[in-house]
Amino acid sequence: MGKLFDFHGGVKPQTHKQHSTREPIAVAPLPDLLVVPLHQSIGGTPHPLVQAGESVMKGQRIGAADGNVSAAVHAPTSGQVIAVEPRVMTHTSGLPMLSVVIESDGEEAWVAPEPVNYRSTPPDEIRDQLRDAGVVGLGGAVFPSHLKLNAGKDMPMTLVLNGAECEPYITCDDMLMRERAQDIVRGGRIMRDMLGAGQVLIGIEDNKPEAAAAMRAAVAALGEDMRVIVVPTRYPAGGAKQLIRSLTGIEVPHSKRSTDFGVQCFNVGTAYAIHQAIDLGRPLISRIVTVSGNVERPRNYEVLFGTPMSHLLQLAGAKPDTDRTLMGGPMMGYLMPNPDVPVVKATNCVIAGSRALFPPSPPEMPCIRCTACVEVCPADLQPHEMYWFARARNFGKAQEYHLFDCIECGCCAYVCPSHIPLVDYYRFAKTEIWAREREKEAADQARARFEFRNLREERDQQEKTAKLAAKTAASRQTAEKRVAPKPSAIADARPAAIEAAHAEGTVASAPALSVDPKKALIEAAIERARKQREAIAPKNTENLSEAQKAEIAEIEARRAKIREMAKTHDEDASK
Amino acid sequence: MNNSPYIRQPASVQTVMLKVLLALLPGIGAYVWLFGAGVLVNLAIASAAALAGEALMLKARGRPLDIYLADLSAVVTAWLIVLTFPPIVPWWLTVAATLFAIVIVKQLYGGLGQNPFNPAMAAYAIMIVAFPALISQWPHSGLDFATQLDLIRGGSRNIDAITGATPLDALRTGLRQAVTPMTVQQVIAGGPAFGVLGGKGWEWIAGCYLLGGLWLWQQRVITWHLPLAFLAGIAVFAGALWGIDPGAFASPLFHLVSGGTLLGAFFIVTDPVSGATTPRGKLIFAVGVALITVIIRTFGAYPDGIAFAVLLMNICVPLIDMKTQPPVFGHKDD
Ligand code: SF4
Ligand code: SF4
């Protein structure tokens, strides 16, 4: 067993894991209707490849990756596409997102699988295959996996498989390791070879002895050289950075990629998905989801993407006092806008919540500088200082105290005796800093346009004077010739249009610039999706007090004013 | 709750303060055993005054009374004031000190969590400057409860009959006698105030504070940094002086069990609000308090120096915290 490196801080909330590991993984029955959102990973929104009325096969690609930083989306079952339209997405904001709605025909008729022999295929092709199979990180980050599978350049690589699963309630990785350990190892083998990794470390928390045993047995059975390392149970031991530190002693700083330090970390579920995609040629259309919390029969299900969460809650027998649905664990999970939102690639756990299970927080008190938060912060931050500056809206100072190194794990808020929603303050500060940066960019652009307009007015003035002179000259000649149209009018029209588009931030996908009507339609859809994504960002602040809301409103008003200013300049400019 | 985390550890300011109060109980028990029950009367008076002062100010500042009174932080301040005062101070002194601590040092600076100075120590410092005699009069052990009560009610004081010197005081007086200065050993051997380790009986009180303090540490209410650095600082600085001239300076052990050293280590230096918060900052803060304490005890005119030492270091806290920011995850080699 390898030497373990400790990470600072962490907390030990009740795990509640025993409830959902009593029964083996069950396949969730096929729902009648599946709503598959196109945007399910970090990166670009996939382009829809199907239209309403088309019939699809199980595993057929219905969304093509948008560039390389994206991942394809597939039909989870066979049936008929009844709509391609915005539906409420799997996000706290409850905003709509372009989704493919499929009515299942109950046949479960697969497209022909396209397995690949990864040993004899060039790595680039394997990466393309993974992208087109829609494989993304299944630990919750949903980062496209093919982007992380490049061979290390000048240092020996270590592959870390993350089976720590530290969040309370969640047991999907645990059960997957218990039941399908060999397939995980097979996926790990592909990753190892693609990375050219010298060693493979599989990290598992010590509250999952069955999983660790199963993984050890699988490694031995397949004759692989991988080490299963058991780490102490302590949230957030399964955070990628914390696990990398525990297993290798390497600390990957914020904004740096772990590859630069010779480590790459994947969730065990992702390894399983990679095995499916490469060895079996099956795209990612389902995952293991823990259904737990306020339910009669907590359990893990293999669930098709697009299945409504309510379908799972019904299976598990949600109790009558259930009043909310969470996706993910109680430390970092998200409140869902309603129980009917679909399971997506990021859905590792669905928790039925109730007032009894998650009692409302007692009133917020002032910080007493007790440093309980400092003791538990796995990023070695000073949470109370960041809170102080975020609250005072001294964002520069908050950044100086490394606000952006905060991983929002929630340990600080979990222990704070003053019940301060610390993470909300950090989210608020981050959002505000991003907004200010955007604002500044917009203001800079507005100023540039303003200066440009002055310049042009000057030029127009000169042109007018010149024309007047010419006219005077012309009038002396015969009046038979017609006056030619002002050349500068044509020259001006195009840049003005582009600029107007620029002001809306749409220059790349402005429909006016597309010729092909179908492409334009797609672009418009993508544009809508992008706007929705942007609109989500400030939604992190819902939990703030009235006073804070007022402050935010004030900031919004100020922003609106700047937008207004920018618009006026635009209008001026395009006159 | 709309945002994560959706669960919290069952902790509150109230439980933190309650634990501090509980941890003080063994020390108070030893105190009563040594000096009689007068201190209990003072604790009651101070608690009432603290809550009344807090309530008044909260009302004036338009803050909710129920939440803030129930946080018990005012009671902790009140108890600490009483435990640093002699048990026979008149009631109005206790009330004045408590109100000063709560109204001026705490609430006028913004209430819970906002005060830059340790309220109990500020009150102690003001009172010892204003009423040096009253704060130096410790009863000799065994003074009966009726007399204590009378003194607390403001009865006239026949000082010599009722008071004895504290060990620190006796030592100071002995060492500084103009005519025949004694050595530490002579003072201790001859004085009724001294026990086996330090002051007679004081070592029991000190031991009980240590017990309570260790429990607080075990309960994770305090971290080891502050008490350990403070005690180590006292031992090292007192030890250095003692090493120079054991005849002229008291031993480190004497310092450790005398006066408010252990009360200070676990209950006063550890005040979260007015102290440093970074791990290294805590060490610097505590060592600073220790150094100033030993200096004042040895060379100053006041019976104990912890209060002034804490206040002086309180002033330095913003600077200490700023200069001792620990490296964050992934930036340790920067
Ligand atoms: S845990 Fe809460 S009260 Fe304690 S220092 Fe941190 S923010 Fe302040
Ligand atoms: S949420 Fe941020 S500040 Fe709080 S403990 Fe986690 S990393 Fe530290």
Side-chain angles (χ1 to χ4, degrees), chain A residues 7-8 11 13-14 92 168 241 245 251-254 256 326 328-335 353 357-363 365-372 374-375 378-382 384-385 401-402 405 407-411 413-419 421 423-424 427 540 542-543, chain B residues 1-20 63-64 66-68 70-71 73 76 110-116 220-226 270-279 281-282 317-318 321-322 324-334:
Chain A
F7 69 92
H8 177 262
V11 294
Q14 278 216 317
T92 311
K241 291 185 174 182
R245 153 127 193 125
E251 287 191 4
V252 182
H254 161 70
K256 293 265 168 57
L326 295 187
M331 293 299 286
M332 289 184 83
Y334 304 89
L335 190 68
L357 207 56
F358 306 120
S361 174
M365 302 275 283
C367 167
I368 56 168
R369 293 164 51 88
C370 66
T371 67
V374 179
E375 297 295 307
D380 302 280
L381 303 174
Q382 300 280 300
H384 63 297
E385 303 273 14
Y401 279 82
H402 304 283
D405 286 75
I407 56 172
E408 298 185 15
C409 67
C411 289
Y414 177 76
V415 297
C416 177
S418 288
H419 313 124
V423 188
D424 285 355
R427 291 187 187 120
N540 282 328
E542 288 148 351
N543 211 14
Chain B
M1 270 187 292
N2 288 327
N3 292 323
S4 62
Y6 302 93
I7 48 173
R8 286 176 183 284
Q9 192 171 261
S12 66
V13 178
Q14 189 190 39
T15 49
V16 168
M17 297 297 165
L18 193 66
K19 282 180 180 171
V20 174
R63 300 291 146 98
D66 45 351
I67 305 173
Y68 283 99
D71 72 28
S73 60
V76 170
L112 180 69
Q114 313 295 316
N115 47 292
R220 292 172 152 247
V221 172
I222 56 175
T223 61
W224 58 269
H225 304 79
L226 285 162
T270 49
D271 171 44
V273 174
S274 60
T277 56
T278 65
K282 285 180 179 177
V317 160
D321 271 356
M322 204 172 75
T324 55
Q325 284 305 312
V328 312
F329 189 92
H331 300 284
K332 303 218 164 109
D333 315 317
D334 295 2

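Just so it is clear: chains get the letters A, B, ... in the order the sequence lines come, proteins before strands, and each one is counted from 1. These values consider heavy atoms only, across backbone and side chains, with no hydrogens, waters or symmetry-generated copies.
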Student: Do Met365(A) and Tyr68(B) come close enough that some side-chain heavy atom pair is under 4.5 Å?
Tutor: yes
Student: Can any side-chain N or O of Arg369(A) pair as donor or acceptor with the backbone N or O of Ser274(B) at less than 3.5 Å?
Tutor: no
Student: In terms of heavy-atom pairs under 4.5 Å with chain B, which of Val415(A), Ile368(A), Val374(A) leads?
Tutor: Ile368(A)
Student: Any donor-acceptor pair under 3.5 Å linking the side chain of Tyr401(A) with the backbone of Gln325(B)?
Tutor: no
Student: Asp321(B) and Glu385(A): side chain to side chain contact (heavy atoms under 4.5 Å, CB included), yes or no, with the steps?
Tutor: CA-CA 10 Å; Asp321(B) 271 356; Glu385(A) 303 273 14; 3.9 Å; yes
Student: Show the nearest heavy-atom pair for residues Ser361(A) and Arg8(B), with the distance to one decimal.
Tutor: OG-NE, 3.2 Å
Student: Side chain, backbone, both or neither: which part of Lys256(A) has a heavy atom under 4.5 Å from chain B?
Tutor: neither
Student: Tell me, for Ile407(A) versus chain B, whether the close heavy atoms (under 4.5 Å) come from the side chain, the backbone, both or neither.
Tutor: neither
Student: Hey, could you give me the OH/CG distance between Tyr6(B) and Leu335(A), rounded to the nearest 0.5 Å?
Tutor: 5.0 Å
Student: Just how far is it from atom CD of Glu408(A) to atom CG of Asn3(B), taken to the nearest 0.5 Å?
Tutor: 9.5 Å
Student: Taking C-beta and beyond as the side chain, do Pro326(B) and Asp380(A) meet within less than 4.5 Å on heavy atoms?
Tutor: no
Student: Taking atom CG of Leu112(B) and atom SG of Cys367(A), what is their separation to the nearest 0.5 Å?
Tutor: 9.0 Å
Student: Looking only at heavy atoms, which two atoms of His419(A) and Ala11(B) are closest? And how far apart?
Tutor: NE2-O, 2.8 Å
Student: Tell me which of these, Lys282(B), Arg220(B), Gln9(B), has more heavy-atom pairs under 4.5 Å with chain A than the rest.
Tutor: Gln9(B)
Student: Give, as side chain, backbone, both or neither, the part of Gln14(B) having an atom under 4.5 angstrom from any heavy atom of chain A.
Tutor: neither
Student: Are the side chains of Thr15(B) and Pro417(A) in contact, using a 4.5 Å heavy-atom criterion?
Tutor: no
Student: Sort out for me which of Val221(B), Thr270(B), Ile222(B), Val273(B) touches chain A most, counting heavy-atom pairs under 4.5 Å.
Tutor: Val273(B)
Student: So, do Gln14(A) and Ile7(B) sit near enough that their side-chain heavy atoms are less than 4.5 Å apart?
Tutor: no
Student: Val16(B) versus chain A, heavy atoms under 4.5 Å apart: side chain, backbone, both or neither?
Tutor: side chain
Student: Which region of Pro378(A), side chain (C-beta onward) or backbone (N, CA, C, O), has a non-hydrogen atom less than 4.5 Å from a non-hydrogen atom of chain B, or is it both or neither?
Tutor: backbone
Student: Does any heavy atom of chain B fall under 4.5 Å from the side chain of Thr371(A), the backbone, both, or neither of them?
Tutor: side chain
Student: Against chain B, label Val252(A) side chain, backbone, both or neither, depending on which of its atoms sit under 4.5 Å from a heavy atom there.
Tutor: backbone
Student: At a heavy-atom separation under 4.5 Å, does Thr278(B) approach chain A through its side chain, its backbone, both, or neither?
Tutor: both
Student: For Ala379(A) and Val328(B), work out which heavy atoms get closest and say how close.
Tutor: O-CB, 3.5 Å
Student: Between His384(A) and chain B, which part of the residue has a heavy atom less than 4.5 Å away: side chain, backbone, both or neither?
Tutor: side chain
Student: If you compare all heavy atoms of Pro330(A) against all heavy atoms of Ser4(B), which two are closest, and at what distance to 0.1 Å?
Tutor: O-CB, 4.3 Å
Student: Taking all atoms of both residues into account, what is the closest heavy-atom pair of Pro253(A) and Gly330(B), and its distance?
Tutor: CG-O, 3.2 Å
